[in-house]
Amino acid sequence: MPAFVQGKTILLIVGGGIAAFKALELVRELGRAGARVLPVLTENGARFVTPLSLSALAGEKVRTSLWDLEDEAAMGHIQLSRAADLVVVCPATASLLARAAAGMADDMATTLLLATDKPVLMVPAMNVRMWLHAATQRNIATLRSDGITVVQPDDGAMACGEFGPGRLPELPKIMAAIAAQFGSKPLLGRHALVTAGPTHEPIDPVRFIGNHSSGKQGFAIAAALAHLGARVTLVAGPVHLPTPAGVTRVDVMTARDMAAACEAALPADIAVMVAAVADWRAETAPQKLKKDSSAPAPLVLTENPDILAGIGHHAQRPALVVGFAAETHDLIPHAAAKRNRKGADWIVANDVTDGVFGSDSNHVHLLTATGAEDWGAQAKQAVATSLAQRIAAHFAGHP
Ligand code: CTP
């Protein structure tokens with residue numbers, strides 16, 4: 001039983017979407033874990049679940065209106081907005097996200113969101129087109145920059161018959177997101193190996209073959225995994241980034257150094273290979289190549305070891321192996337092929353034509369055994385948090 005919510009009070013706002021019935025399961029799960037749930041049902045939420053079922057499961061009175069004199073006399077809505085340790089909106093509909101992003105206070109739910117001084121976690125669920133609409137994505141970006149955590153919805157078949165991102169995440173993922181809010185450490189006792197940055201393959205003592213990888217995404221993932229309690233070994237190529245708190249860093253230069261450092265870091269439970277490893281190395285000249293020689297020296301290239309494939313097929317293979325795929329075209333088929341070839345469980349695929357190198361945002365798709373999920377454009381930090389939470393949810397229930 002997750003102990004992180006034991007004795008905590010959670011204000012749960014249930015919005016008006018078909019996924020509202022799943023909020024009932026969340027109430028039950030939170031109750032089992034020892035939390036007190038104060039339920040709030042929007043007017044439209046009440047079209048999908050009854051106040052009675054919500055109240056029966058929570059063992060609390062359900063608030064629906066700002067204008068109930070009895071409720072206001074018992075505990076005013078401003079007081080209610082501050083009585084909880086955490087405010088969770090589940091499901092957060094497109095309309096609720098929009099009104100919250102605009103700072104509106106036109107019903108009980110939005111008024112509470114505006115009045116609260118507590119952390120807020122939004123768990124969206126809506127039709128795929130509504131989720132992908134520029135207005136919704138803009139609202140989510142606003143909410144995130146206001147400090148609100150917006151959980152990435154799941155991908156799959158929807159009640160409306162369409163397919164894509166927008167489904168309410170599965171319960172373990174919601175619980176992992178709530179756990180993260182309470183600084184819980186669901187990955188305690190797990191060892192995660194993360195690679196990040198480029199590798200440099202020397203041509204001579206002053207020149208090298210390299211690439212534009214900044215290391216930001218890998219460092220953010222190492223930090224997010226450490227935040228959830230994992231012991232993290234970060235094998236970093238040459239980058240100028242500070243070491244995240246609680247992370248053990250091993251600095252390397254070449255692909256072969258990186259492969260050796262990864263081998264030395266095993267055993268691990270989790271491997272997340274984010275590094276942009278140089279695919280080839282040159283024969284290194286012992287002295288600086290001079291341009292006064294008769295012709296430019298041709299580079300003799302040798303293929304580097306594939307570190308991800310080595311880990312994916314290793315005798316000590318981590319239980320969960322995650323690779324990245326940097327592509328400029330045919331993103332999903334290429335990433336799916338890499339997933340198979342390299343023995344990875346998941347591939348985080350990104351289109352690097354979007355100017356991802358060095359930037360702070362990243363548009364990724366997550367490929368698993370069951371398909372591809374479009375995570376939309378997000379800050380690299382948010383991609384890292386979502387991935388770490390997803391990893392925690394994967395391990396939830398695994399011994
Ligand atoms: N990778 C690795 N070792 C290599 C090359 C890549 O561990 N020598 C890992 C990366 O860290 C990433 C994944 O493999 O997790 C895919 O990297 P990517 O550069 O997209 O693919 P490549 O294998 O280099 O294939 P290609 O260049 O043909 O796209």
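As the structure lists them, so they are numbered: ligands from 1, and atoms in each ligand from 1. Heads up: numbering here begins at 1 and tracks the sequence. Treat the numbers as computed from the prediction; the structure is a model and nothing was measured.
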Exercise. Any side-chain heavy atom of R36 within less than 4.5 Å of one from K8?
Worked result: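 Counting from C-beta outward, R36 and K8 never come under 4.5 Å.
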Problem set entry | Min side-chain heavy-atom separation M253-E201 under 4.5 Å |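 No, their side chains stay 4.5 Å or more apart.
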Exercise. Is the shortest distance from a Lys or Arg side-chain nitrogen in E327 or K338 to a carboxylate oxygen in the other one below 4.0 Å?
Worked result: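 Looking at K338 together with E327, the answer is yes, because their closest N to O distance falls below 4.0 Å.
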Extract all N/O-N/O pairs under 3.5 Å that connect ligand 1 to the protein, and present each with both atom names and the distance rounded to 0.1 Å.
| residue | atom | partner | partner atom | Å |
| --- | --- | --- | --- | --- |
| ligand 1 | 3 (N) | I307 | N | 3.0 |
| ligand 1 | 7 (O) | I307 | N | 3.3 |
| ligand 1 | 7 (O) | L308 | N | 2.7 |
| ligand 1 | 8 (N) | P305 | O | 2.9 |
| ligand 1 | 11 (O) | M273 | O | 3.4 |
| ligand 1 | 11 (O) | A275 | O | 2.6 |
| ligand 1 | 14 (O) | K342 | NZ | 2.9 |
| ligand 1 | 15 (O) | M273 | O | 2.6 |
| ligand 1 | 15 (O) | F324 | N | 2.8 |
| ligand 1 | 15 (O) | F324 | O | 3.2 |
| ligand 1 | 20 (O) | A326 | N | 2.9 |
| ligand 1 | 20 (O) | K338 | NZ | 2.6 |
| ligand 1 | 21 (O) | K338 | NZ | 2.9 |
| ligand 1 | 23 (O) | K342 | NZ | 2.5 |
| ligand 1 | 24 (O) | D279 | OD1 | 2.9 |
| ligand 1 | 24 (O) | D279 | OD2 | 3.1 |
| ligand 1 | 27 (O) | D279 | OD2 | 3.2 |
| ligand 1 | 29 (O) | K338 | NZ | 2.9 |

Exercise. Would R390 count as a cation-pi partner of W346, with NZ or CZ less than 6.0 Å from the six-membered ring centre and within 45° of the ring normal?
Worked result: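 Ring-cation test returns yes.
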For this session: With sequence neighbours excluded, give me every side-chain hydrogen bond (donor to acceptor under 3.5 Å, both in side chains) pair touching residues 9-28.
Result: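 Every pair satisfying side-chain hydrogen bond (donor to acceptor under 3.5 Å, both in side chains) with a residue in residues 9-28: there are none.
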Problem set entry | Check: T385 side chain, Q381 main-chain N or O, donor-acceptor pair, under 3.5 Å |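 Here the side-chain-to-backbone pair exists.
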